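Computed from a predicted model, the values in this text were never measured in an experiment. One is the number of the first residue; the rest follow in order along the sequence. All ligand and atom numbering here is 1-based and tracks the order in the structure.
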Amino acid sequence: MKEWLEANWDPDLTVGEWWERFGASGWAAPGLPESCYGKGLPRSEVVRVQDAVSEFGALPAPAGLGLLLAAPTIATHGTDEQQERFVKPIVTGAQAWCQLFSEPGAGSDLAGLQCRAERDGDEWIITGQKVWTSGGQVADLGMLLARTNPDAPKHQGITYFAFDMKQPGVEVRPLRELTGRALFNEVFISEARVSNSAIIGGANNGWAVANTTLAFERAGLGAGGGSAGASAAVPGTIAGDLGRRPGGLAGTSPLLQAVAKQVGANTDPLIRQDLARLYTLTEIGRYLTLRQKALRAAGSDLPGIGNIAKLSMSTILRLSRDLGLRLLGPRGTLHAYDTAGTEELTKLPGGRFGGMITEMALFAQAPQIYGGTDEIQHNILGERVLGLPKEPNNDKVTPFRDLPRS
Ligand SMILES: Cc1cc2nc3c(=O)[nH]c(=O)nc-3n(C[C@H](O)[C@H](O)[C@H](O)COP(=O)(O)OP(=O)(O)OC[C@H]3O[C@@H](n4cnc5c(N)ncnc54)[C@H](O)[C@@H]3O)c2cc1C
């Protein structure tokens with residue numbers, strides 16, 4: 001990897017030129033199969049490659065839901081033609097993706113989704129509303145779940161489409177969060193179109209394909225991957241980063257230990273105890289990954305590891321939030337929503353790290369919700385790993401159109 005970077009990294013390339021070179025080499029998405037713009041490496045090796053890229057100082061691969069979710073899903077379920085059409089522009093950052101799963105009445109109960117797709121010759125006509133669509137405002141394409149057969153039980157009448165976001169009938173409206181940012185959106189779809197050849201994994205087989213995406217989402221989030229938008233440069237044709245020079249697009253830094261030292265709290269035994277807990281939880285996560293790697297190498301697996309990793313990530317963030325706010329004291333209650341305010345706050349204890357902590361604290365509510373809430377992860381572990389009985393219902397046999405709706 002290092003030799004490849006030495007031969008190929010060039011800070012004078014534009015972001016688009018670098019990603020084109022990086023993606024085509026297979027190193028931008030080394031977890032994908034070699035036949036699909038990857039290197040076929042296991043997750044632990046993928047992390048090593050990512051570390052090598054950042055240690056070298058090169059611009060990382062195009063972050064976002066394209067690389068995290070769409071590419072591995074299409075590599076698993078897509079045809080050769082779809083892999084060529086969709087995966088290449090993802091690994092080279094040419095196209096950005098969003099995830100059009102959740103709806104106002106379908107989040108945890110995702111299979112209850114009502115966005116509908118009706119066949120019209122070689123195309124499908126899509127009408128419905130999606131919500132919490134991270135990165136929807138900069139996405140070229142969306143992983144769209146739509147109901148194609150309301151007469152089938154709810155899990156069986158869903159289809160997974162690669163959906164063009166830049167077309168008439170698609171309206172993206174940003175939703176502002178506590179942090180002041182608008183990472184996610186509502187998406188209103190009114191008689192938009194998608195080709196039959198953009199169905200991933202076959203008509204009415206979308207639930208199985210969606211579960212692949214959700215498994216990659218849990219694994220990615222548990223491993224520390226962020227949601228869309230949290231990268232140094234944004235892929236796709238809309239964000240406008242492809243023509244930028246990568247120089248100066250740096251990463252972030254350690255945080256809580258530095259602030260503890262800065263505010264003189266690093267000798268406080270309770271603070272030290274929580275810093276140690278945080279370190280321990282992070283190390284347990286790392287060992288869990290190593291254990292899984294060893295089990296996989298021996299032809300076995302650790303059931304539920306993705307769910308456990310995701311739960312652990314949301315525990316770590318909550319602890320970081322609580323500890324960070326304790327370190328900042330009253331300053332932790334202040335958050336700026338513009339550049340001048342942010343500058344002003346850097347004069348207070350905690351300095352520029354203080355702003356990062358309050359932002360993290362405000363965002364810490366999110367990871368226990370996205371990618372399946374903590375309660376849903378517990379349900380999955382209970383039912384699928386521990387074999388506990390499911391709550392009784394007749395969802396699996398009743399046609400979707402006969403189910404009660406909220
Ligand atoms: C920051 C962020 C980014 C997101 N990005 C995307 C995105 O890009 N694309 C996308 O499609 N979606 C996205 N989501 C949506 C996310 O997947 C949903 O919010 C999540 O699945 C929960 O659905 P809901 O909000 O409808 O809550 P609900 O499903 O209504 O749940 C409300 C509460 O009830 C609990 N609950 C529900 N059912 C059960 C049950 N059976 N047992 C126990 N407790 C239960 C939940 O745990 C929760 O506490 C995002 C969410 C957030 C916060």
I want to confirm something. Looking only at heavy atoms, which of G107, P367, C98 is nearest to atom 23 (O) of ligand 1? G107
For residues W9 and W4, establish whether the separation of their ring centroids is below 6.0 Å. no
Test of understanding: with salt bridge (Lys or Arg N to Asp or Glu O under 4.0 Å), list the residues that count as partners of E171, not counting sequence neighbours. R173
Polar proximity ligand 1 side, A366 side, N/O cut 3.5 Å exclusive: no
Any N/O pair Q99/ligand 1 closer than 3.5 Å: yes
For ligand 1, the portion of N379 having any non-hydrogen atom under 4.0 Å away: side chain
Students often mix this up, so state it plainly: with edges at 30° and 60°, are the rings of W97 and F86 parallel, tilted or perpendicular? perpendicular
Using a 3.5 Å cut-off on N or O atoms only, is S108 in polar contact with ligand 1? yes
Atoms of ligand 1 less than 4.0 Å from T373 heavy atoms? 22 (C), 46 (C), 47 (O)
Do ligand 1 and D109 have nitrogen or oxygen atoms that lie under 3.5 Å from each other? no
Sub-4.5 Å side-chain heavy-atom contact between M1 and V53: yes
Any idea how W18 and F22 line up, ring-wise: parallel (<30°), tilted (30 to 60°), or perpendicular (>60°)? parallel
Ligand 1 contact on I376 by region, counting heavy-atom pairs under 4.0 Å: side chain
N/O separation below 3.5 Å, E375 to ligand 1: yes
Residues R193 and D164 bridged, charged N to O under 4.0 Å: no
Counting from 1 in the order shown, the ligand 1 atoms closer than 4.0 Å to a non-hydrogen atom of F101 are 11 (O)
Donor-acceptor contacts under 3.5 Å from residues 381-397 side chains, at least two apart:
| from | atom 1 | to | atom 2 | distance (Å) |
| --- | --- | --- | --- | --- |
| N393 | OD1 | D395 | N | 2.9 |
| D395 | OD2 | K154 | NZ | 2.7 |

